[in-house]
Each structure stands twice: as C-alpha cells, then as structure tokens.
2 protein chains.
Amino acid sequence: MVEEQDEKILAELQKDGRATNQQLAETVGMSTSACWRRVRALEEAGVISGYSALVARERAGFATSAILHVSLERHDVKFVDEFVARVTQRREVLECFATTGDADYHLRVVVRDMDAYNRFLDEFMFRIPGIRHVRTNVILKEIKTGVALPF
Amino acid sequence: MVEEQDEKILAELQKDGRATNQQLAETVGMSTSACWRRVRALEEAGVISGYSALVARERAGFATSAILHVSLERHDVKFVDEFVARVTQRREVLECFATTGDADYHLRVVVRDMDAYNRFLDEFMFRIPGIRHVRTNVILKEIKTGVALPF
DNA sequence: TCATAATTTGGTAGAAAGTACCAAATCGGA
DNA sequence: TCCGATTTGGTACTTTCTACCAAATTATGA
C-alpha cells in the first residue's frame with residue numbers, strides 16, 4: 001500500500017513538515033502535480049495523520065517532565081476504559097502506552113514546574129479509580145525526543 | 001520572553017503545523033503581517049524547533065514498538081558519552097530520557113516487526129560498551145502519542 | 001500477443017498564500 | 001508629557017497551491 005516513493009515523501013515531510021510541494025517533488029524526483037496528489041492521498045488514507053510545529057519544551061516554559069509507571073488494581077473494562085478516557089483527556093500527558101511487564105501503563109507527563117507536577121498527581125492521577133500503584137521517574141535530561149519513523 | 005499571544009500561536013501551530021498564516025492570524029486575532037513576524041521570531045529564537053508531518057505508525061508499516069529500561073555498568077563520562085552518541089544516532093530510537101529511579105535511561109524504540117527488534121537488540125543495543133542491564137517492555141497499545149505541549 | 005480500459009503522469013493557468021516593505025500606532029522611560 | 005524605540009496593519013510583488021487537461025504508463029482479458 002505505502003510504496004517506496006511514498007516512503008520518500010513521508011521521510012521528507014517528517015524532516016520538514018512545511019516543505020513546499022515544489023521542494024518535495026524535487027527531492028523525491030517527480031513532478032509537482034504527481035507529488036501533490038500522492039501527498040493528498042497519504043493524508044486522506046490517514047497515513048499522514050496531521051502536521052505539527054515542534055516546540056522546544058524548556059524554551060516554551062515547561063521545565064519539568066517525568067515518566068510514570070502506572071498499574072491498575074483490577075482490569076475490568078470499566079476501570080480500564082475510565083483510565084484511558086481520563087488520561088487521553090489530560091493535556092499534560094503527552095504519551096501513554098499499555099505495555100508488557102510489571103506496570104500496566106507507561107506515561108510521559110510534561111508540566112511547567114514541580115509544583116504543577118505535584119498538583120497533577122494529587123488532583124488528577126491519584127483520583128482515578130482503580131489505580132494500584134504509581135511510580136514517578138523524573139526526567140533529568142532529554143537525550144532525544146524524535147517523532148520521525150525510521151524509514 | 002514567550003508571552004500570551006505567542007502561546008496562542010504555538011498552540012495553534014502544534015495543532016496544525018501547516019495552518020496558513022492567514023488562518024493563524026485570524027485565530028489568534030492579529031494582522032497577517034504581525035502574526036507572520038511573530039512566527040518567524042519564534043522560529044529564529046528556536047522556540048519552534050521545526051515542523052513535522054505526523055505519520056500513523058501502523059499504517060506506515062511499523063508494527064512493533066517497545067519501551068526499554070537501560071542501566072549502565074559505570075557512569076564515567078566516557079561510557080555515558082558513548083551511549084548517548086550511539087543512541088542519538090540510531091533512528092529506531094525515537095526517544096531517550098535520562099531519569100531518576102532504577103534504570104538510568106528510558107528509550108522508546110519503533111521497528112517494522114519483532115524480527116527487526118531482535119536484530120536491534122543483538123546488533124546494536126547489546127554491543128554498546130558498559131551496558132549493565134536492558135529490560136524490554138513491549139508496547140501492546142498506544143493509548144496516546146502526543147507532541148503538543150499543554151499551553 | 002495485442003487491443004483496450006484504468007490508472008498515473010506532467011504541464012499549465014487561475015486562485016491563494018507568502019514575504020518584504022512602508023507609514024501609522026502603540027509602548028516605555030526619563 | 002515628550003521623545004525614541006518597538007510593534008502594528010496595509011499593500012504590492014512574488015511564490016506556491018490546486019484543479020484541470022491531454023499524454024503516457026500500467027494492468028486486464030480475449
């Protein structure tokens with residue numbers, strides 16, 4: 001479905017999401033119209049789910065971030081759905097993954113400062129029903145925060 | 001440094017990285033030229049570090065992803081730098097964070113299939129000098145994979 | 001193998017947006 | 001309050017987008 005030329009387009013648009021269609025067409029080696037049509041097809045197929053400006057966390061005033069390991073008391077659909085719904089809603093939670101291993105979920109949370117993180121735990125996380133355990137690992141340094149899939 | 005109107009711009013460009021300057025100017029409530037200048041200033045100040053197309057992992061053919069917890073044998077600058085350099089290089093590693101807690105580093109790795117993941121471990125991760133321990137948690141489900149800071 | 005249908009391609013032209021300039025308005029400090 | 005500095009909105013020129021066309025390529029079935 002996604003063929004080689006599409007992957008070139010995707011790779012390039014991951015590197016520069018605002019590349020003009022002309023640049024794009026040139027780097028992948030096709031005409032502007034053909035290239036433009038393929039990009040639109042990728043968008044409509046949901047392969048490209050959107051575009052985003054990448055904002056430098058610290059420069060934008062978000063000094064604190066952490067990785068949370070969360071496990072649930074029980075795994076009824078009821079509790080799981082509730083947890084997923086709340087976490088999806090909450091904008092401080094940038095990422096949430098259900099994983100194998102001891103913890104059920106891995107979350108990455110970004111806030112302005114430690115105070116905000118404390119409030120996040122008290123007012124949000126600890127009030128979610130059915131939580132067994134939450135372990136916080138504060139992020140000391142961001143070695144790498146990429147979004148580009150390795151085509 | 002980053003004031004209220006800038007935050008509106010950043011929020012909007014995070015939601016739609018390809019919004020036209022006109023749309024943007026309208027939603028934040030200023031003239032196109034003023035808006036355009038602010039965007040450029042944010043780019044030049046490195047607050048906006050880039051733009052990217054967001055690609056749907058599975059639809060693009062990357063079926064497998066995992067979270068790795070890595071701890072180092074020793075924490076000499078030599079080993080740390082080597083680890084950071086290699087991990088930064090490797091494109092399957094989308095994210096890497098140095099954290100508090102048992103593991104020194106948290107990584108998120110994305111590959112096409114389990115075979116590729118196995119190769120990633122054998123040919124890359126286990127050959128990094130000074131690694132004490134690697135624990136893999138396979139991602140069963142992506143609840144949320146956001147990039148937008150919570151302005 | 002060949003004819004034909006279906007799909008994809010490159011070119012083009014009108015519409016839309018980006019970009020750089022200007023004078024006017026607003027803001028800050030003394 | 002006054003003056004310099006900064007930011008603003010308007011405008012004109014340039015670039016880019018986008019939808020259309022006919023031509024080329026690819027796939028299909030007899």
Side-chain angles (χ1 to χ4, degrees), chain A residues 1-63 112 146-151, chain B residues 1-63 112 146-151:
Chain A
M1 183 140 202
V2 174
E3 41 197 288
E4 194 188 321
Q5 220 147 23
D6 289 324
E7 293 200 349
K8 278 192 192 173
I9 290 176
L10 293 171
E12 187 59 26
L13 282 178
Q14 283 187 144
K15 273 197 290 191
D16 180 7
R18 288 202 84 133
T20 68
N21 189 50
Q22 297 187 2
Q23 292 174 267
L24 196 59
E26 180 155 12
T27 54
V28 306
M30 52 175 118
S31 71
T32 56
S33 43
C35 181
W36 184 76
R37 240 175 289 111
R38 284 192 110 94
V39 171
R40 192 151 70 77
L42 289 167
E43 289 169 356
E44 283 173 358
V47 179
I48 296 173
S49 61
Y51 297 87
S52 181
L54 306 177
V55 179
R57 187 180 51 76
E58 289 220 76
R59 294 189 189 195
F62 292 88
R112 294 196 182 268
V147 293
L149 301 175
F151 287 109
Chain B
M1 184 141 199
V2 173
E3 44 196 287
E4 193 187 322
Q5 219 148 23
D6 289 325
E7 293 199 349
K8 278 192 192 172
I9 290 177
L10 293 172
E12 188 59 25
L13 282 178
Q14 282 188 145
K15 272 198 290 193
D16 180 6
R18 287 202 83 134
T20 67
N21 188 50
Q22 297 186 0
Q23 292 174 269
L24 196 59
E26 180 156 11
T27 54
V28 306
M30 53 174 118
S31 72
T32 57
S33 45
C35 181
W36 184 75
R37 239 176 289 111
R38 284 193 109 95
V39 171
R40 194 151 69 78
L42 288 167
E43 289 169 354
E44 283 172 358
V47 179
I48 296 173
S49 61
Y51 297 87
S52 181
L54 305 177
V55 179
R57 186 180 51 76
E58 289 221 79
R59 296 191 188 194
F62 292 87
R112 294 196 181 268
V147 293
L149 300 175
F151 287 110

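Each chain gets a letter, A, B and so on, in the order its sequence line appears, and its residues count up from 1.
- Applying the salt bridge (Lys or Arg N to Asp or Glu O under 4.0 Å) test to residues at least two apart or on different chains, the pairs with a partner in residues 15-26 of chain A are A:E12-A:K15.
- Every residue two or more places apart in sequence or in another chain that forms a salt bridge (Lys or Arg N to Asp or Glu O under 4.0 Å) with B:R38 is listed here: B:E3, B:D6.
- With sequence neighbours left out, the ring-ring contact (aromatic ring centres under 6.0 Å, His included) criterion links B:Y51 to no other residue.
- With sequence neighbours left out, B:E4 forms a salt bridge (Lys or Arg N to Asp or Glu O under 4.0 Å) with no residue at all.
- Under the salt bridge (Lys or Arg N to Asp or Glu O under 4.0 Å) criterion, A:R40 pairs with A:E44, sequence neighbours left out.
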Give the B/S/- string for nucleotides 7-22 of chain C, one per nucleotide from 5' to 3', where a protein heavy atom under 4.0 Å of the base yields B, of only the sugar-phosphate yields S, and otherwise -. --BBB-----SSSB--
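- Residues meeting the side-chain contact (heavy atoms from CB on, under 4.5 Å) test with A:V147, sequence neighbours left out: A:L54, B:S52, B:V147.
- Rounded to 10 degrees, the angle between the two end axes of the helix from C:dT1-D:dA30 to C:dA30-D:dT1 is 50°, with five pairs used at each end.
- By the salt bridge (Lys or Arg N to Asp or Glu O under 4.0 Å) test, A:E7 is found to be paired with B:R112, residues two or more places apart in sequence or in another chain being considered.
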